[in-house]
Amino acid sequence: MKAKGKVFKYGANVDTDVIIPARYLNQSDPQELAKHCMEDIDNTFVDRVSKGDMIVSGPNFGCGSSREHAPVAIKASGISCVIAPSFARIFFRNSINIGLPIMECAQAAEGIGDGHEVEADFDTGLITDLTTGESWQAQPFPDFIKKIIEKDGLLGYIADENVQGR
Amino acid sequence: MGMTMTQKILANHAGLDHVNAGQLIEADLDLVLGNDITTPPAVKEFAKTGINEVFDRNKVAIVPDHFTPNKDIKSAEQCKMIREFARDKGIVNYFEQGEPGMGIEHVILPENGLVVPGAAIIGADSHTCTYGALGAFATGVGSTDMACAMATGKTWFRIPEAISFVLKNSLRSPVSGKDLILHIIGMIGVDGALYKSMEFSGEGVASLTMDDRFTIANMAIEAGAKNGIFPVDERTLDYISEYATERYDAGDYKVYEADDDAVYERVIEIDLAEVKLTVAFPHLPENAKVVGTFDRVNIDQAVIGSCTNGRVSDMREAARILKGKRVAKGVRCIILPGSQRVYLQCLREGLLEIFVEAGAVVSAPTCGPCLGGHMGILASGEKCVSTTNRNFVGRMGHVDSEVYLASPVVAAASAINGYICAPDK
Ligand code: SF4
């Protein structure tokens with residue numbers, strides 16, 4: 001499994017309120033949420049993002065509220081992967097649960113520039129900045145996380161593995 | 001190797017004698033919580049599990065508190081959906097607006113006796129960590145986790161490392177638990193406890209009121225922590241004997257203590273007598289500054305309430321400052337008692353009269369402005385001093401507005417003076 005796209009780069013402590021402001025949480029439709037993704041940190045994001053693109057940021061990405069609407073909005077906007085030195089714990093858990101690939105890699109997050117073309121290989125953990133040719137090694141996804149992503153989230157995975165009702 | 005308090009609770013809920021930091025476990029849950037924003041997606045996900053009933057009708061709590069009383073049609077639809085779900089599944093702890101036990105989730109769960117020492121609780125709300133004040137393990141999760149937990153009564157956890165906060169002496173009035181937690185977050189940063197437990201101990205704990213402990217545990221997430229937890233002492237037991245009387249009488253709770261040789265990643269000693277009135281500047285809770293050490297910040301609004309500081313002692317402190325005074329011209333002061341119980345107590349003690357006479361608006365218990373929902377949204381360029389827990393960009397309204405986090409006495413004194421300041425008493 002690989003992802004490839006251009007990078008939107010942000011700083012440290014990107015919180016869930018700027019990813020999807022509470023004023024849009026009176027509904028939970030992914031496509032509606034995507035229309036306002038990143039609005040309070042970058043109001044040009046929605047117009048510029050295209051399928052496959054990536055977000056690269058500083059530490060503690062996704063801090064703040066438990067709203068699953070945040071990774072849902074990012075995924076529905078077409079983002080294929082988020083790379084950061086660290087993620088806030090609820091965001092981390094939610095991203096896996098809804099099938100949004102995230103990778104922790106401090107060197108890559110620092111080295112990759114805004115607008116660069118990047119490729120991430122989820123099987124090997126290799127992250128390559130195609131614009132500069134530099135590459136970094138992150139942890140590859142363990143098998144069960146790869147399956148969750150393939151099944152579009154934890155529930156798809158649970159249904160598929162027939163483990164419900166255990 | 002010894003275990004921390006959190007590790008012991010988790011080991012017990014996983015049926016294990018011993019756990020180590022980093023270990024993945026599956027734990028039984030005593031309570032699963034959701035609100036009107038996080039429950040609707042959980043209801044949709046729950047339907048996909050193919051399981052028809054929740055694991056235990058008594059162990060799910062649903063609280064429509066964020067956009068309620070419904071601020072618009074979409075919010076009303078969300079509330080309708082979770083109300084019908086609660087009815088359909090026979091969920092006992094569904095709280096409707098106006099009911100005597102209703103209010104903001106993290107204020108009312110303890111008040112309704114749903115939290116006891118030693119419990120393991122998850123909630124689809126990041127401030128679920130509030131319940132650590134009562135010696136429970138409690139942490140925030142997302143809607144999918146809530147859905148799976150409602151279906152199975154279990155969830156997985158990674159056993160957290162811990163930071164130990166050893167408290168000595170006592171706080172000097174009017175310094176409160178809010179100042180202490182802002183001071184701590186200022187010291188360790190918004191990711192200072194990422195993935196970890198914040199465990200409080202030391203002789204200073206005894207001097208903290210239960211309301212102080214709720215406020216402190218509430219903001220553990222603001223340092224990135226998985227949970228914050230206090231040891232169980234006489235005050236804790238008094239609290240549960242009052243609010244969870246049946247379970248207290250039946251001995252349906254469990255007191256855990258950290259082992260003497262528990263491993264902590266870091267030990268931080270804090271002299272409570274040294275903590276000063278503290279304000280967190282925009283746009284992160286870690287931007288803590290001692291009141292009196294910064295230039296004048298004029299304010300447009302003061303908000304007193306929320307799951308952080310909406311309890312009766314917070315209301316009393318605010319009333320003490322506001323009594324016989326007037327809110328400054330040009331400032332809106334909005335007071336939100338955290339629950340119907342708190343509201344009623346304010347009424348009985350004459351606090352509502354003090355607030356209204358001072359020129360404050362008193363709202364129904366709701367999250368309201370805390371998350372930029374309703375009841376006090378900020379326009380561009382406006383500044384608000386607030387007893388809530390987050391001051392992110394756009395948190396309370398326009399992206400160019402600013403939120404300054406403070407205690408109830410600082411917020412009340414600032415409302416009277418029109419700028420952020422300490423009370424003169
Ligand atoms: S009062 Fe604020 S922080 Fe607390 S639950 Fe409500 S929105 Fe969340």
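The sequence lines fix the lettering, A, B, ..., with proteins before strands; numbering per chain opens at 1.
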For a 4.5 angstrom cut-off between non-hydrogen side-chain atoms, does A:Val18 reach B:His283? no

Taking C-beta and beyond as the side chain, do B:Cys148 and A:Leu155 meet within less than 4.5 Å on heavy atoms? yes

From the list B:Ile37, B:Thr38, B:Asn35, side chain to side chain contact (heavy atoms under 4.5 Å, CB included) partner of A:Ser66 resolves to B:Thr38

Enclosure of A:Lys151 NZ (heavy-atom neighbours >12, cutoff 6.0 Å): no

How far apart are the closest heavy atoms of B:Asp145 and A:Arg93, and which atoms are they? OD2-NE, 2.6 Å

So, the side chain of B:Tyr195 versus the backbone of A:Phe87: is there a donor-acceptor pair under 3.5 Å, distance only? yes

Which region of A:Phe92, side chain (C-beta onward) or backbone (N, CA, C, O), has a non-hydrogen atom less than 4.5 Å from a non-hydrogen atom of chain B, or is it both or neither? side chain

Which one of B:Pro285, B:Gly397, B:Ala147, B:Pro41 has the most heavy-atom pairs closer than 4.5 Å to chain A? B:Pro41

When the 4.5 angstrom heavy-atom criterion is applied to B:Asp36 and chain A, the contacting part is neither

Residues B:Ser143 and A:Arg67: side-chain donor-acceptor under 3.5 angstrom: no

Go through A:Cys63, A:Pro21, A:Gly64 and name the one with the most non-hydrogen pairs under 4.5 angstrom from chain B. A:Gly64

Looking at chain A, which one of B:Val141, B:Asp125, B:Asn389 has the largest number of heavy-atom pairs inside 4.5 Å, strictly under? B:Val141

Please determine, by modelled atom types, if A:Thr16 and B:Arg390 share a side-chain donor-acceptor pair under 3.5 angstrom. no

Evaluate the side-chain proximity of B:Val190 to A:Asn60: yes if any heavy-atom separation is below 4.5 Å, no if none is. yes

Check the surroundings of atom CZ in B:Arg266: do more than 12 heavy atoms from other residues, nucleotides or ligands lie under 6.0 Å from it? no

Between B:Phe67 and A:Arg23, is there a side-chain heavy-atom distance shorter than 4.5 Å? no

Tell me the closest heavy-atom pair linking B:Thr139 and A:Arg89, and the distance in Å. OG1-NH1, 2.8 Å

Using non-hydrogen atoms and a 4.5 Å limit, figure out which bit of B:Leu284 sits close to chain A: side chain, backbone, both or neither. side chain

Over 12 foreign heavy atoms within 6.0 Å of CG, B:Leu24: yes

Could you tell me whether the side chain of A:Ser86 reaches within less than 4.5 Å of the side chain of B:Leu194, counting heavy atoms only? yes

Pick from A:Asn94, A:Asn97, A:Ile41, A:Val72: which one has the most heavy-atom pairs with chain B under 4.5 Å? A:Asn97

Would you sort out whether A:Asn26 and B:His66 count as a side-chain contact (heavy atoms from CB on, under 4.5 Å), showing the intermediate values? CA-CA 10 Å; A:Asn26 53 5; B:His66 279 57; over 6 Å; no

Heavy-atom distance under 4.5 Å to chain A: side chain of B:Ile221, backbone, both or neither? side chain

Would a distance-only check, ignoring hydrogens and angles, find a side-chain to backbone donor-acceptor pair under 3.5 Å from A:Gln27 to B:Lys74? no

Take a 6.0 Å sphere around CD of A:Gln137 and say whether it holds more than 12 heavy atoms from other residues, nucleotides or ligands. yes

Rounded to the nearest 0.5 angstrom, the CD1-OG distance for A:Ile90 and B:Ser126 is 5.0 Å

Checking side-chain contact (heavy atoms from CB on, under 4.5 Å) for the pair A:Asn13/B:Phe392: CA distance, chi angles, key distance, verdict? CA-CA 10 Å; A:Asn13 304 314; B:Phe392 299 152; over 6 Å; no

Whether over 12 other heavy atoms sit under 6.0 Å from A:Lys146 NZ: yes

Selection from B:Leu371, B:Asp191, B:Ile377 maximising heavy-atom pairs under 4.5 Å formed with chain A: B:Asp191

Which heavy atom of B:Arg395 sits nearest a heavy atom of A:Asp17, and at what distance? NH1-OD1, 2.9 Å

Measuring heavy-atom distances to chain A, does B:Glu45 have an atom under 4.5 Å in its side chain, in its backbone, in both, or in neither? both

